[in-house]
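Here is the structure we will look at.
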There are 2 protein chains.
Amino acid sequence: MDDRLADELMELAFRLAGRIRTGIDRTATGLDLPPAQAQALMHLRSPAPMRELADIMACDASNVTGIVDGLERRGLVQRRPDPRDRRVKNLVLTEEGEAKRDALRAGISEVAAEVFHLPAADRRALRDLFRKMLDDPADGPVGAPTGASALSRPE
Amino acid sequence: MDDRLADELMELAFRLAGRIRTGIDRTATGLDLPPAQAQALMHLRSPAPMRELADIMACDASNVTGIVDGLERRGLVQRRPDPRDRRVKNLVLTEEGEAKRDALRAGISEVAAEVFHLPAADRRALRDLFRKMLDDPADGPVGAPTGASALSRPE
DNA sequence: TATTGTTATACTCTATAACTATA
DNA sequence: TATAGTTATAGAGTATAACAATA
């Protein structure tokens, strides 16, 4: 196998990842959101129990407390006790929270459009190559659901 | 423009980045190296002044002190005063340090081979698409040197 | 004056363990 | 017993500021 080519791909991937990270950080900072709060806001179903957010972010539940504290301080979410299971607190986005989340998503879409600045045919080719790598059965059944999505920390 | 396609590419890129990160973390852990020390070891020219390592890792010089402390504790590098400029300390890999660095590079090459597990033609196509994205003149002159390379945190 | 490297300090992110209140 | 969420605490990683030695 041509390992030098794989090494070059690794290096190129790192440079692209750097661009994506920089773009997202800039977006989050522009919206006055620390990275962890941005990631949470990005993926928050509303309403959803805190436990679900910990699963999506693939982090310990104890972290979620602090992250949600921050979101609550900013008036973006509220904690509401679940009437059916009083251990649970459901997170509900405020109106401002929804607006912030939408702005965040729009900003990240802009970053995507900039980073993947390619003719449509190239974009499709790239998508197909990405899918091919991710569907590799060495990783498990094809298309197995992960429960997490973009910006979470899968695998 | 087809922004949904760009969004999908972003999500796929995150999943790939997760695989790469997991693989590299596993490699570094297997070699008993914390991530920061692994990154430093990966890129250390030998001999090189500490200042250069800070530049390569794109972090503050004060961090390098601690990282090099760790590498020195493990017997992987030595600090040597530069005879020509006595402010400078040159970092020199020990024999064990060179062996560790080689093992690290080999491990990361393995991760690259696994992640970019594609037929040769697809790999070349992917490389060309990556290059196309990175050469976008919106980012500056084509091929402008960055001073940093893979695994560093460019941009 | 400017630079190399160090120290002290602080902030963020993350994890573990112990706790409470529920179930 | 087990789970949801909190708190306390500790460990990385990173940043700034002040400092000593040297240029």
Side-chain angles (χ1 to χ4, degrees), chain A residues 18 21-22 24-25 28-29 32-45 47-74 77-92 148 151-154, chain B residues 18 21-22 24-25 28-29 32-45 47-74 77-92 148 151-154:
Chain A
R21 182 165 23 76
T22 302
I24 291 180
D25 285 355
T29 302
D32 186 34
L33 288 169
Q37 286 179 41
Q39 196 198 345
L41 190 59
M42 187 73 186
H43 295 291
L44 195 54
R45 252 197 334 128
M50 296 186 59
R51 174 71 243 176
E52 184 176 306
L53 190 51
D55 291 338
I56 289 172
M57 298 183 71
C59 73
D60 192 84
S62 61
N63 297 322
V64 173
T65 298
I67 293 166
V68 170
D69 284 349
L71 291 172
E72 209 168 27
R73 232 182 297 120
R74 285 162 210 264
V77 307
Q78 289 177 347
R79 285 169 161 102
R80 290 208 198 139
D82 187 317
R84 287 178 304 178
D85 180 343
R86 281 151 56 205
R87 293 171 305 178
V88 172
K89 289 177 190 166
N90 284 306
L91 300 175
V92 184
L151 280 192
S152 67
R153 306 189 142 193
Chain B
R21 182 166 22 78
T22 302
I24 290 180
D25 285 356
T29 302
D32 187 35
L33 288 169
Q37 286 180 41
Q39 196 199 344
L41 191 59
M42 187 74 187
H43 295 290
L44 193 55
R45 251 195 337 126
M50 295 188 55
R51 174 72 243 174
E52 186 176 305
L53 190 52
D55 291 338
I56 289 172
M57 298 183 70
C59 71
D60 192 83
S62 61
N63 298 319
V64 173
T65 299
I67 292 166
V68 170
D69 285 349
L71 291 171
E72 208 169 27
R73 236 182 294 119
R74 284 163 212 262
V77 308
Q78 289 178 347
R79 285 168 159 102
R80 290 207 197 140
D82 187 317
R84 288 179 304 181
D85 181 342
R86 282 151 56 203
R87 294 171 304 179
V88 172
K89 290 178 188 165
N90 285 306
L91 299 175
V92 184
L151 281 192
S152 67
R153 307 187 141 193

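Reckoned from all heavy atoms, side chains included, excluding hydrogens, waters and symmetry mates. What you see is a predicted model, and the numbers here were worked out from it, not measured in a lab.
- Using a 4.0 Å cut-off between a side-chain N of Lys or Arg and a carboxylate O of Asp or Glu, D69(B) and R73(B) do not qualify as a salt bridge.
- Here the nucleotide nearest the side chain of M50(A), chosen from dG13(D), dG5(C), dG5(D), is dG5(D).
- Counting to the nearest Å, the P atom of dT4(C) and the CG atom of N90(B) are 12 Å from each other.
- Counting only heavy atoms from C-beta on, V88(A) has its side chain closest to dG5(D) among dT6(C), dG13(D), dG5(D).
- Comparing atom distances between the S62(A) side chain and each of dT6(C), dA15(D), dT6(D) picks out dT6(D) as nearest.
- Here dT4(C) presents its C1' atom at 14 Å from CD of E52(B), a figure rounded to the nearest Å.
- In this structure, M57(A) and L53(A) have side chains that are in contact, with non-hydrogen atoms separated by less than 4.5 Å.
- The number of heavy atoms from other shown groups lying within 6.0 Å of CZ (R79(B)) is above 12.
- For the pair D69(A) CG and dC13(C) P, the interatomic distance rounds to 13 Å; values are reported in whole Å.
- Here the P atom of nucleotide dT22(C) and the NZ atom of K89(A) are 10 Å apart, to the nearest Å.
- Taking atom CG of residue D60(B) and atom P of nucleotide dT7(C), one finds them 14 Å apart after rounding to whole Å.
- R86(A) places its CZ atom 5 Å from the P atom of dT22(C), with the value rounded to the nearest Å.
- Residues L91(B) and M50(B) form a side-chain contact, since some pair of their non-hydrogen atoms from C-beta on lies under 4.5 Å apart.
- Residue D85(A) is in sugar-phosphate contact alone, with no base atom involved, counting any heavy-atom pair closer than 4.0 Å across all strands shown.
- Two residues, R84(A) and Q37(A), neighbour DNA chain C, and the one matched to the more 5' nucleotide by heavy-atom proximity is Q37(A).
- Nucleotides of DNA chain D nearest to A36(B) and A61(B) differ in position, and the one nearer the 5' end is that of A36(B).
- You'll find the side chain of Q39(A) stays beyond 4.5 Å of the side chain of I67(A), heavy atoms only.
- Counting to the nearest Å, the C1' atom of dA4(D) and the CZ atom of R80(A) are 19 Å from each other.
- Per the geometry, CG belonging to D82(B) stands 17 Å off P belonging to dT3(C), to the nearest Å.
- Contact annotation for N63(A): base contact, defined as any heavy-atom pair under 4.0 Å involving a base atom.
- Here R79(B) reaches the OP1 or OP2 of dT6(C): one of its side-chain N or O atoms lies under 4.0 Å away.
- When the nucleotides dA15(C), dT22(D), dT6(C) are ranked by their closest atom to the side chain of R87(B), dT22(D) comes out on top.
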